[in-house]
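Shown next, in structure tokens, is the structure this report addresses.
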Amino acid sequence: MNYNFSEIEAKWQRAWRDSRAFRAVSGEDRPKYYCLEMFPYPSGSGLHVGHLKNYVPTDAFCRYQSMRGFNVLHPMGWDAFGQPAENEAIRRNRNPREMVPEYAAAYRETLIKTGCSYDWEREINSSHPGYYKWTQWMFLLLLRKGLAYRATAPINWCPACKTGLANEEVRDGRCWRCDSAVEKKPMPQWFFRITAYADRLLADLEKLDWSEGMKEMQRDWIGRSEGAEVDFAVEGDGPPIRVFTTRPDTLFGATFMVLAPEHPQVAALTVPERRAEVEAYVRQAQGESEIDRLNAERAKTGVFTGAHAVNPVNGEKIPVWIADYVLMGYGTGAIMCVPGHDARDFEFAKKFQLPIVQVVSRDGSTHELAAAEPGEGIAVNSGRWNGLATADFKKTISSWLQERGIGRATVHYRLRDWLISRQRYWGAPIPIVHCPACGEVPVPESQLPVLLPDVENYRPSGTGESPLAAIPDFVNTSCPKCGGPARRETDTMGGYACSSWYFLRFADPQNDNVFASRQALDYWLPVDLYTGGIEHARSHLLYARFWTKVLFDEGLLGFEEPFLILRNQGSLLALTPGRRPRSQEDGGDSGEKIVDWIVLKHDERKRIPADQVVWRWARMSKSKGNVVTPDEMIERYGADSLRVYEMFVAPFEDDVHWSEEGIQGSNRFVGRVWRWLQAARPFFRGDWRTARPGTTTPESRQVRRKLHQTVQKVGAQIETFQFNTAVAAVMELLNAIYSYAPIEKEALTEGLDPLVVSELAETLVLLMAPFAPHLAEEVWQQLGEKGSVNRAGWPAFDPEVAAAEAVNVMIQVNGKIKDKVSVPLDCDGETVKAEALGREKVRQLLAGRQVVKMIFVQNKMLSIVCR
RNA sequence: GCGAAAGUGGUGGAAUUGGUAGACACGUCAGACUUAGGAUCUGAUGCCGCGAGGCCUGGGGGUUCGAGUCCCCCCUUUCGCACCA
């Protein structure tokens, strides 16, 4: 009988819904387990099989945990606010308000069809007022704690998205979404002071079970660096120039200074006769794109301001230059230049013929420097500090500077504050009122949420202002403080605000009085297992950790880290049609990005001749036209087969080149399981556990051994996220079962113990349940078992049954395996030696030679060394 | 340039952490059953060799009775960071 998957899968999906099978009830006695996948933004392209590379294994894990007796919370929701959704709405000329729920519903349908065990009663949508009320509440909390502020600063402006971008959203000077070159634009915008938490965000990484690579990315992004700030007095009047350096021990080698072109002191420092030149350079630097400035390969440029500063350690006058290799955004925007020991300063000094002095040496001697020597060593040419080792010198000089009030040891971070303002429609309005009398006034909590108005035109204004600014009914309001006329803030919050706390909301998603009750939070949180793509390494995960710490500090949470274990799934790649770029598209001489392949646009599909199409592997996405949908796979092979394939095809973390050939193998496996269980069903005895097998043939013992070994293996491997080998283990077991009890035998039990067959059948169903839950439920019911298999206990394994009776011990002669002997488990060395030396083959090899030594490893190997 | 991970059959991938390399699967080949089969079942399948046997984990050294696994050098790929002072 073939497996009618479409009927059976529909039956159980209905049954799970009707029985609320995956509802998580807070406060139960069973230990809780909170398992979460990064919630998706619902796009029009729908889910593709690539999404399931995450959802399916994580679901198998949840089902396994449920069978082990955990009270599992496995929720799903929609990251519905933000530009992806808004851009899609614009493209389709839809209102996101109507479009998003449709898309979410489609996602939900597909996820239900895959048999994923979500508690849909906890579904959340971040664009729903009941949700974003609390996003706004979080904003006010940050504001109250001094962690939100408004500042006019040059921000990353994406001209295509017409909005500001946080630093984390800029890659190689380009917008992460649309790849446009990012510009700098000064605008008043809201920021969150994440830098205040830099040290804790860095230190607490140690507590987390995340991949080392992931932690390293966060460390890089936070970019802690220890050093010193030093004030250089300026010749004449004017405030000193403050620099940051990680090498205060090289102060004696500082022969000039460089300021970023945007540095606020530039104008004041520049002498009149150099003004024209300096201003021209500043203008030129401003006109450059971020991409140009980020290019480290190009030659150094700069101009002299005419001003001099005084090196505080030796009183020497040193020239002050400006150059675009110094960035305003890091440190103080000014540096002391030590050409002898910094490659960039060396290059600059060579070009502009500035003096180069050696102040660090390996052995205390000095020599002509052919290149910068950035390493540590012993101080030379450093006055009374000569001879000090770098580390000691750093400490000494820092205190020396501090005593004189001209410097101090400091720590700088690469991390910038989080730009939250978006000049876009589709986001949570920032709950602030601008009052001419009172200034920036927070909207009182009782007036939350500040509703996003329903509008006709939600497109970006083009002026840089939010579309909300064009809606008088929204903008014009009264000041909550003085009651006078005032204007609402028209920026909305970037999507990352919503995703920085959603994992808390799942604990108590309907609560209207608080973002989640403390009781529910204490029961469910923190998230025990979090899974998602590596692309969120620095943005989402950093922000969510930041908000969690703020809430902890406020006493609202009892934990400081939201995601204890993090696993990152690989993506699915699909063959994607593209073409060679045309000459004007290859970057030419202006663009640095070398493109050698461009995805075919929709209209190009038919136009381009087949022989000009170039196929490449690329991540699945609708825009690339290479998606395979779960729906079509489920239609053809069933959800269980698709699930098995997604897990079996490769390790969880690995990228996969999608092909349909593999899924047929999984389909075959599922069918084999089904057919064997159907054949075994008539002989099934529910009392096998108590009725004890009467006959124990060697074959029975062997297959039971395999069974118990498999139970152990599958559990252990699900726990370590090795789903591919866990599935393989069940396949091995099935092969063993087929040779023990082939279906074609007239009677499956002929010559077999029906109790053994029963044990095999029941345990096989349980082992299949996390992977192929529909099949498992169906057979579970057929076998006359009560309740959902998802609540049946995970099978126990008996170590005695699982233990091997005999083992093959390898015999090595001079390091090469020559023979093997089969001996009982844990057989002692002497017996094995005697056995081995008696073997004809071994005797021949040892003839005329002298045995030097023998090494015996129990159950593994006997190594004979001879001369 | 810096940092991280990885390189195993025709393919996806296993390998208890130093002890039978290639589990499991795809593909291929052969057989069985079939009116038929893109179904099912059985078997074979790293490479060279008729064979005995020899050779195989990116390349080259080393440690060891024994190395895919540990150490050193090199090559390649992927990812992250990068004029960060």
Side-chain angles (χ1 to χ4, degrees), chain A residues 2 171-172 211-221 223-225 227 243-247 250 254 257-258 260 293-300 323-327 329-338 341-345 347-348 374 412-415 534-535 537-538 644-645 648-651 653-666 668-669 671-672 675 713 716 722 724-735 738-739 742-744 807-817 819-820 852-866:
Chain A
N2 278 326
R171 283 167 182 258
D172 301 328
S211 75
E212 211 27 62
M214 201 69 163
K215 290 192 200 181
E216 201 54 41
M217 276 192 241
Q218 293 230 330
R219 283 189 204 108
D220 281 351
W221 195 252
R224 180 192 157 93
S225 90
V243 303
F244 173 71
T245 177
T246 54
R247 294 294 299 272
T250 60
M257 300 183 81
V258 173
R293 286 199 61 176
L294 283 169
N295 182 0
E297 301 300 312
R298 64 190 187 142
K300 298 272 177 291
D324 63 6
Y325 82 93
V326 175
L327 309 173
Y330 186 79
T332 62
I335 61 169
M336 66 175 211
C337 298
V338 185
H341 305 283
D342 180 284
R344 297 153 299 179
D345 297 345
E347 189 191 335
F348 196 81
H412 269 264
Y413 295 94
R414 202 184 91 93
L415 183 67
I534 195 139
E535 64 274 15
R538 51 192 202 197
V644 167
Y645 180 59
F648 178 70
V649 65
E653 306 78 20
D654 286 12
D655 286 349
V656 171
H657 298 89
W658 176 266
S659 89
E660 221 183 295
E661 284 174 349
I663 192 174
Q664 291 172 18
S666 299
R668 214 168 291 166
F669 166 66
R672 265 162 68 84
R675 283 190 302 277
K713 214 185 224 178
Q722 296 168 280
N724 57 331
T725 51
V727 171
V730 183
M731 289 176 169
E732 270 189 72
L733 171 67
L734 188 68
N735 290 341
Y738 265 76
S739 22
I743 293 177
E744 314 92 295
V807 289
N808 282 331
V809 172
M810 297 300 118
I811 298 164
Q812 275 187 4
V813 177
N814 282 350
K816 299 239 177 204
I817 288 158
D819 203 356
K820 62 185 172 190
V852 180
K853 62 173 167 178
M854 289 202 259
I855 295 143
F856 175 67
V857 182
Q858 196 170 61
N859 299 329
K860 292 268 158 74
M861 127 130 34
L862 176 70
S863 187
I864 302 168
V865 189
C866 61

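All of these numbers come straight from a predicted model, not from anything done at the bench. The sequence lines fix the lettering, A, B, ..., with proteins before strands; numbering per chain opens at 1.
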* To do: Provide, to the nearest angstrom, the distance between the CD atom belonging to A:E660 and the P atom belonging to B:U11.
  => 22 Å
* Are A:Y645 and A:W658 close enough that their ring centers fall under 6.0 Å? -> yes
* Asked: Taking only side-chain nitrogens and oxygens of A:T725, does any of them come within less than 4.0 Å of OP1 or OP2 of B:C24?
  -> no
* **Paired stretches of RNA chain B - 3 or more consecutive Watson-Crick or G-U pairs, each distance under 3.5 Å** => B:1-7 with B:75-81, B:10-12 with B:24-26, B:27-32 with B:40-45, B:46-48 with B:53-55, B:58-62 with B:70-74
* Options B:C41, B:A23, B:A21, nucleotide nearest the side-chain atoms of A:Y738 -> B:C41
* Between B:G3 (P) and A:R414 (CZ): distance, integer Å -> 16 Å
* **OP1 or OP2 of B:U20 under 4.0 Å from side-chain N/O of A:K820** => no
* Atom C1', compared across B:C55 and B:C41: separation rounded to whole Å -> 36 Å
* Identify the two heavy atoms, one from A:A728 and one from A:F648, that lie closest to each other, and give their separation to 0.1 Å. => CB-CE1, 4.0 Å
* Tell me whether the OP1 or OP2 atom of B:C55 has a side-chain N or O from A:K816 closer than 4.0 Å. => yes
* What distance, rounded to whole Å, do you find between the two P atoms, one in B:A15 and one in B:U77? -> 27 Å
* To do: Kindly determine whether A:D345 and A:Y325 satisfy side chain to side chain contact (heavy atoms under 4.5 Å, CB included), including the steps that lead there.
  => CA-CA 10 Å; A:D345 297 345; A:Y325 82 93; 2.7 Å; yes
* Asked: Are any of A:N724's side-chain N or O atoms less than 4.0 Å away from OP1 or OP2 of B:G12?
  -> no
* **Under-3.5 Å donor-acceptor pair between A:E661 side chain and B:G12 base** => no
* To do: Report the nucleotide, chosen from B:C83, B:A23, B:C79, that has the shortest atom-to-atom distance to any side-chain atom of A:E732.
  => B:A23
* **Phosphate-side-chain proximity, A:R675 and B:A39, N/O vs OP1/OP2 below 4.0 Å** => no
* More than 12 non-hydrogen atoms from neighbouring residues, nucleotides or ligands closer than 6.0 Å to NZ on A:K820, yes or no? -> no
* **Any A:N735 side-chain N or O less than 4.0 Å from OP1/OP2 of B:A23** => no
* To do: Output yes when at least one side-chain N/O atom of A:R668 is less than 4.0 Å from OP1 or OP2 of B:G27, else no.
  => yes
* To do: Report yes if at least one side-chain N or O of A:R672 is closer than 4.0 Å to OP1 or OP2 of B:C41; otherwise report no.
  => yes
* Whole angstrom value for the distance that separates C1' of B:U20 from CE of A:M810 -> 4 Å
